[in-house]
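Structure record follows, encoded as structure tokens.
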Amino acid sequence: MSAISIYHNPRCSKSRQTLALLEQQGIKPEIIEYLKIPPTPNVLNTVLNQLGINARELLRKGEAAYKELNLADKTLTNQQLIQAMCEHPKLIERPIVIHNNKAKIGRPPEAVLEII
């Protein structure tokens, strides 16, 4: 089996539930605590491609930084949004599980089973 990784925030209940679900399946994923070590723009771009979504769809719109940085502005490019998420990783929706060049957001946690 190829490696499985999870972009994880231990303070997030959905992230904890998704990690527990993987472990119940006998999977010991690589845990990426993206708040401690934010992804680079290139890495985040790869994750977006694996998810099959654009940067705006990965943004957590309820975060204070979303409002402070005026990220609702529709004229912002995908790259500008990616840069904002790299500089303010709390803006990244979580958890994200990656396996075999595919990714899935664990909302609900069971959604990640589709790529395992």
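Position 1 is the first residue of the sequence; numbering continues from there.
With rounding to the nearest 0.5 angstrom, the OG1 atom of T40 is 12.0 Å from the CD1 atom of I37. Atoms CG and OH, from L44 and Y7 in turn, are 7.5 Å apart once rounded to the nearest 0.5 Å. Distance check: L76 CG to I82 CD1 gives 12.0 Å after rounding to the nearest 0.5 Å. Atom CG of residue N101 and atom CG of residue N49 lie 10.5 Å apart, to the nearest 0.5 angstrom. Interatomic distance, CG of L19 versus NE2 of H8, reported as 5.0 Å (0.5 Å rounding). Between atom OG1 of residue T77 and atom CG of residue N54 there is a gap of 11.0 Å, rounded to the nearest 0.5 Å.
Between L21 and Q17 there is no side-chain heavy-atom pair separated by less than 4.5 Å. Side-chain atoms of I32 and I98, non-hydrogen and from C-beta on, never get closer than 4.5 Å to each other. Here the side chains of I105 and L58 are in contact, with some heavy-atom distance below 4.5 Å. In this structure, the side chains of I53 and L48 come closer than 4.5 Å at one or more pairs of heavy atoms. Taking 4.5 Å as the limit, some side-chain heavy atom of N45 sits within range of a side-chain heavy atom of Q79.
Among all heavy-atom pairs drawn from Q83 and P41, the shortest one is OE1-CG, 3.4 Å. Closest of all the heavy-atom pairs between A103 and I96 is CB-CG2, 4.1 Å. Taking each heavy atom of P89 and P38 in turn, the nearest pair found is CG-CG, 3.8 Å. The shortest heavy-atom contact between A84 and L69 is CB-CD1, 4.4 Å. The two residues L91 and Y66 come nearest to each other via the heavy atoms CD2-N, 3.6 Å. Of all heavy-atom pairs spanning P95 and K14, the tightest one is CG-O, 3.9 Å.
Here salt bridge (Lys or Arg N to Asp or Glu O under 4.0 Å) pairs that include residues 23-46, with residues two or more places apart or in two chains, are E33-K36. Applying the salt bridge (Lys or Arg N to Asp or Glu O under 4.0 Å) test to pairs two or more places apart or on separate chains, those with a residue in residues 61-74 are R60-E63.
With hydrophobic clusters built from ILVMFWY side chains whose heavy atoms lie under 4.5 angstrom apart, I31 does not share a cluster with I92.
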Less than 3.5 Å apart, which donor and acceptor atoms pair up between the side chains of residues 107-116 and the rest of the protein, not counting sequence neighbours?
unit_1, atom_1, unit_2, atom_2, d
R107, NE, E93, OE2, 2.7
R107, NE, R94, O, 2.8
R107, NH2, R94, O, 3.4
E114, OE1, K104, NZ, 3.1

